[in-house]
Novice: 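Once you've had a glance at the structure underneath, I'll fire off some questions.
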Amino acid sequence: MLDRLNAQAPDALLALIKMHAADERADKIDLGVGVYRTDSGDTPVFRAVKAAERVLVDRQDSKSYLGPEGDGEFVRALMPYIFGRDDTTLLSRIEGMQTPGGTGAVRLAVSLAKQAGVRRIHLGVPSWPNHAQILKDVGVEIAEFDHANADGTANVEAALDAIRNAGEGEAILLHGCCHNPTGIDYSAEQWSALADALSAGTVLPILDIAYQGLGHGMEEDVAGVRTVLAAVPEALIAYSCDKNFGLYRDRVGAFYMMAKDASQLAAIGSNANSLARANWSMPPDHGGAAVRIILTDDAMTSLWHEELDDMRERMRGVRRKLAAAGNRAPGLNLEALENQNGLFAILPLSKEQIVKLREDHGIYMAGSGRINVAGLHSGNIEKFIEALAEVA
Ligand SMILES: Cc1ncc(COP(=O)(O)O)c(C=O)c1O
């Protein structure tokens, strides 16, 4: 039976990782893999996470099952960061559960939307490739719209058109901040326009927040999401702690449901619960427990903020340098990068230029021109800019 399976196309990013590993040049540069790197090129465990893990080892007295909803205190500890502390009516309409990473949260959001009757989801493209994969796998139709304009700004009109022309049983998936792969986020005015268009409640917003704190700050990065939530009757929110706590392999995420009325939350949550049970039964505990310990301890919370601030500032610095580098690579306008956010950017390079960068200079990036901004640091950015100037 299994011999009926045809081989799937290899994952392009994994192929790139292999090519990079096989390259023997000492000054090769990896801009493909999507994890944060320090100015020394490392992806270390956060000091706040190490501190929390020590507490966890000392104090955890059982590894018994927690249930499909995971660690409730972890889920609640994140809520003020995502939703704010003040609007108690809004907060009373939100219920959450822990998920295996942001991926699990997106999967649960899409599955629950489908269970509630959503047949079609609008998705700005390009997007994180797993979005389309999850939508296909869950079995909802994908309606694509253009996320960005050629000048590196967000094409909000395309998203607004999608919302205005949507019929019954449709949803829209929006990146909360630090759009992957473009780094192009909606402005405050554009979020307001989206909130207005969504306020009728005919299109269900699914908001994916995977990089809070990596753009402009923890509060700033969810301002748009909060504008939408204040305007709409209901929404689903997928959240990842894997980047902003550096917990990638520990798979730390949360899924929140915002209902029209608090009285509906028990029924909605019970559906999410049974979907989680059927998908993964229960989320892994360790990383979520570490985040919970950090967020319920003032000293560890401050340490985490410091580490997150450093990450963000470093990436803003790299973006500034790249934006200025356009002068040295005539014909290559990188100015928009400075106003974009997060780990990723798409460089306006041709396929030939991308291959030349790889073959002649040992610089590895996705075929779309997507780079991990954090792959650049003081030891390699000059070489990168020189190579860009040469291929431009
Ligand atoms: C837009 C977006 N959403 C969700 C995720 C999922 O993150 P994770 O499952 O690693 O927590 C990612 C990861 O790359 C992402 O870019």
Side-chain angles (χ1 to χ4, degrees), residues 11-14 16-17 31-37 43 46 49 70-71 74-75 78 82 96-111 113 121-135 137-138 142 147-148 154 159 172-186 205-215 221-222 224-225 236-256 276 279-280 283-288 290-291 311 315 340-346 366 368 370-375:
D11 185 301
L13 209 54
L14 295 182
L16 196 73
I17 294 171
L31 302 177
V33 182
V35 297
Y36 176 76
R37 293 187 203 282
T43 306
F46 279 38
V49 168
D71 183 331
F74 153 77
V75 173
L78 278 173
I82 309 171
M97 57 199 288
Q98 189 181 347
T99 55
T103 306
V106 172
R107 169 108 203 168
L108 201 48
V110 175
S111 305
I121 298 188
H122 296 266
L123 178 68
V125 290
S127 193
W128 178 48
N130 217 10
H131 277 152
Q133 225 161 257
I134 291 170
L135 299 191
D137 196 47
V138 171
I142 304 174
H147 172 66
I172 186 164
L173 200 167
L174 297 170
H175 296 230
C177 62
C178 304
H179 186 270
N180 178 8
T182 64
I184 300 170
D185 289 335
Y186 295 118
I206 301 177
L207 303 159
D208 183 11
I209 309 168
Y211 302 92
Q212 189 185 5
L214 273 67
D221 289 353
V222 287
V225 163
L236 301 176
I237 300 102
Y239 192 89
S240 173
C241 294
D242 289 327
K243 328 290 162 139
N244 57 3
F245 287 83
L247 281 161
Y248 315 91
R249 69 173 70 157
D250 280 337
R251 315 302 305 127
V252 191
F255 169 60
Y256 296 90
N279 271 301
W280 47 75
D285 176 66
H286 180 87
V291 171
M311 281 169 77
M315 288 193 290
Q340 297 167 3
N341 301 314
L343 270 184
F344 303 111
I346 294 192
S368 60
R370 185 195 88 157
I371 61 161
N372 171 9
V373 169

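Counting starts at 1 for both ligands and their atoms, in listed order. These numbers come from the heavy atoms of this one structure, side chains and all, not from hydrogens, waters or symmetry mates.
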Novice: Counting only N and O atoms by type, is there a donor-acceptor contact under 3.5 Å from the side chain of Asp242 to the main-chain atoms of Gly101?
Specialist: no
Novice: Using a heavy-atom cut-off of under 4.0 Å, does the side chain or the backbone of Tyr211 touch ligand 1, or both, or neither?
Specialist: side chain
Novice: Please could you name the atoms of ligand 1 that Arg251 approaches to less than 4.0 Å, counting only its heavy atoms?
Specialist: 8 (P), 9 (O), 10 (O), 11 (O)
Novice: When you measure from the side chain of Asp250 to the backbone of Val252, do you find a donor-acceptor pair of N or O atoms at a distance under 3.5 Å?
Specialist: no
Novice: With atom 2 (C) of ligand 1 as the reference point, say which of Leu247, Asp250, Asp208, Asp242 has the nearest heavy atom.
Specialist: Asp208
Novice: At less than 4.0 angstrom from any non-hydrogen atom of His175, what atoms of ligand 1 do you find?
Specialist: 1 (C)
Novice: Going by the closest heavy atom to atom 13 (C) of ligand 1, which one wins out of His179, Lys243, Arg107?
Specialist: Lys243
Novice: Are any side-chain N or O atoms of Asn372 and backbone N or O atoms of Val35, one a donor and one an acceptor, separated by less than 3.5 Å?
Specialist: yes
Novice: Mark yes or no for whether Thr43, through its side chain, and Arg37, through its backbone, hold a donor-acceptor pair below 3.5 Å.
Specialist: no
Novice: Let me see the working for His147 and Ser127 under side chain to side chain donor-acceptor pair (under 3.5 Å), right down to the final yes or no.
Specialist: CA-CA 8 Å; His147 172 66; Ser127 193; over 6 Å; no
Novice: Give the numbers and elements of all ligand 1 atoms closer than 4.0 Å to a heavy atom of Gly101.
Specialist: 9 (O), 11 (O)
Novice: Does the side-chain contact (heavy atoms from CB on, under 4.5 Å) test come out yes or no for Val373 and Gln340, once each step is laid out?
Specialist: CA-CA 11 Å; Val373 169; Gln340 297 167 3; over 6 Å; no
Novice: Within the structure, does Ala210 bring an N/O atom to less than 3.5 angstrom of an N/O atom in ligand 1?
Specialist: no
Novice: Could you tell me, atom by atom, which parts of ligand 1 come under 4.0 Å of a heavy atom of Ser240?
Specialist: 7 (O), 8 (P), 11 (O)
